[in-house]
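To start, the structure under review is shown below, and the notes come after it.
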Protein chains: 2
Amino acid sequence: MTVLSTKERILNTTEKLISEKGFSGISLRTISTHAKTNLAAVNYHFGNKEKLIEMMLERRLDTLFELRVNLLDELESGSSKPCNLKHILKAFIAPALTMSNDYHQGGKRFMLVLARAYAEKSEFLHSLLSKRYADIIKRFAQSIQRATPYLDENVVFWRFHFIMGSLIYVMADFGASTKTSDMSESDYFNLCCNELIEFALASLTQSK
Amino acid sequence: MTVLSTKERILNTTEKLISEKGFSGISLRTISTHAKTNLAAVNYHFGNKEKLIEMMLERRLDTLFELRVNLLDELESGSSKPCNLKHILKAFIAPALTMSNDYHQGGKRFMLVLARAYAEKSEFLHSLLSKRYADIIKRFAQSIQRATPYLDENVVFWRFHFIMGSLIYVMADFGASTKTSDMSESDYFNLCCNELIEFALASLTQSK
DNA sequence: TATTCTCTCATACGAACGTTTGAATTGTAA
DNA sequence: TTACAATTCAAACGTTCGTATGAGAGAATA
């Protein structure tokens with residue numbers, strides 16, 4: 001059991017509490033209490049509440065997009081032919097699963113946080129996505145387009161957009177009370193991701 | 001120009017402000033100011049803040065689900081054969097479009113509000129969906145299942161779930177800065193809904 | 001040991017919040 | 001007009017919030 005620094009404890013606690021209570025339901029006082037430190041520590045380490053939340057988002061988003069781009073690199077290396085569509089979709093969707101099984105529950109919580117941030121149209125998240133990760137998202141879109149020559153370019157754009165929506169929505173649902181089966185949480189997550197990949201694949205596959 | 005009651009003005013203003021700033025970004029003071037009434041009027045007419053928000057959600061949800069179920073009734077009347085899949089999906093998705101073109105912008109705003117409520121896992125919304133509208137949702141799921149006999153029952157369940165996610169996500173995106181084209185807002189909304197229906201249809205259509 | 005730097009802590013401040021209260025105003029029925 | 005109910009209003013209450021401050025603890029350096 002490693003001892004975490006105050007800064008790390010604050011970040012983890014913020015992530016956990018926001019995943020449980022949402023962005024509005026938390027105060028610096030509850031964060032500092034649960035992180036077993038003092039109220040002033042937050043402002044000392046992060047400046048203010050907004051910057052704390054930004055740092056919390058940033059550290060996991062970097063990991064998520066790095067996992068995605070690594071998988072896409074692997075797919076596209078070697079051949080110049082269009083990649084297998086399912087593999088592309090998996091490269092986009094699966095890292096969410098990977099993350100959620102690592103990081104001592106932190107990743108799983110983060111998916112909830114991310115979904116909330118999307119819905120709240122966080123200005124910070126939006127600018128981060130359009131600045132730091134826009135290239136990666138565009139690469140995925142283009143890779144999908146090459147793999148679906150039978151679909152109009154605009155249609156692919158729309159459907160990729162819709163798939164991202166499903167992913168966000170599903171992520172937000174983990175931890176919610178929807179789960180009625182007696183599966184383990186990680187089995188359930190795994191199943192859900194596979195279903196989502198098949199769903200995305202079907203939505204982009206030409207029928208007949 | 002009809003004169004609205006204080007109660008209606010408060011409900012409309014709440015809907016508008018939440019669609020713009022989210023559930024956390026509003027106070028009873030800003031609501032009452034924008035509704036051109038007094039702070040205490042909110043508590044007088046609604047009891048407290050929570051009940052105000054619940055009433056705001058309820059009035060439009062009733063309309064939305066009534067539109068949906070009417071369309072489904074129409075589809076299922078007469079023949080005992082499975083309905084056309086596209087028509088079922090349209091009956092579920094299109095009312096969001098219908099609503100957003102009525103009610104003097106109110107419906108459009110409400111879709112944003114609804115998306116936010118989903119993401120925040122509003123306890124009230126959840127219980128309303130599982131109590132008051134569960135039957136309607138189940139009817140749609142069953143109707144889709146009859147129309148897709150080639151798909152496993154569980155798969156249909158998952159995909160309907162994912163489609164709902166896309167719908168929510170898309171609704172949340174209206175009014176956001178994603179729109180780059182020079183279409184009118186209502187044309188854009190229309191196009192988006194059609195794309196969503198085609199997307200949903202493709203995801204449930206057996207390939208090959 | 002003395003000094004410096006990093007970090008933690010208790011405490012205080014002003015602002016904003018939801019809610020309550022009682023008086024003033026308006027609408028309505030006798 | 002009078003009487004009574006419904007509504008509106010200004011003002012205040014207690015609480016909680018984010019932030020700032022300065023004292024002090026602890027480790028590192030000299």
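Throughout, a chain's letter reflects where its sequence line sits, starting with A, and its residues are numbered from 1.
Within 4.0 Å of A41(A), counting heavy atoms only, lies no atom of the nucleic acid at all.
Counting only heavy atoms from C-beta on, K49(A) has its side chain closest to dT19(D) among dT19(C), dT19(D), dT21(D). Distances from the side chain of L28(A) to the nucleotides dC9(C), dT19(D), dG18(C) place dT19(D) closest. Comparing dT8(D), dC9(C), dA11(D) by their nearest atom to the side chain of Y44(B) picks out dT8(D). In this structure, the nucleotide among dT19(C), dT21(D), dA10(D) sitting nearest to the side chain of N48(B) is dT19(C).
Relative orientation of the F157(A) and H161(A) rings is parallel, given thresholds of 30° and 60° on the angle between their planes.
Distances shorter than 4.0 Å separate some side-chain N or O of S27(A) from OP1 or OP2 on dC17(D). When the side-chain nitrogen and oxygen atoms of N43(A) are compared with OP1 and OP2 of dT19(D), one or more of them lie within a distance under 4.0 Å. Residue T37(B) places at least one side-chain N or O closer than 4.0 Å to OP1 or OP2 of dC9(D). Taking only side-chain nitrogens and oxygens, H45(B) comes nearer than 4.0 Å to OP1 or OP2 of dT8(D).
Rounded to whole angstrom, the span from the NZ atom of K51(A) across to the C1' atom of dT19(D) amounts to 13 Å. If you take CD1 of I10(A) and P of dT8(C), they are 8 Å apart, rounded to a whole angstrom. Rounded to an integer number of Å, the gap from I31(B) CD1 to dT8(D) C1' is 18 Å. The interatomic distance linking L39(A) (CG) with dG18(D) (C1') rounds to 8 Å, in whole Å. Spacing between atom CZ of F23(A) and atom C1' of dG18(D) amounts to 17 Å, rounded to whole angstrom units. Counting to the nearest Å, the P atom of dT25(C) and the CG atom of N38(B) are 14 Å from each other.
With a 6.0 Å radius and a threshold of 12 heavy atoms from other residues, nucleotides or ligands, K49(B) has its NZ atom above the threshold. Applying the 6.0 Å contact sphere to CD of E58(B) captures more than 12 heavy atoms from other residues, nucleotides or ligands.
The residue among R29(B) and R9(B) whose nearest nucleotide of DNA chain D is located toward the 5' end is R9(B).
At least one test fails for R159(B) against the ring of F162(B): distance under 6.0 Å to the centre or angle within 45° of the axis.
Neither side chain, T37(B) nor S32(B), offers a donor N or O lying under 3.5 Å from an acceptor on the other.
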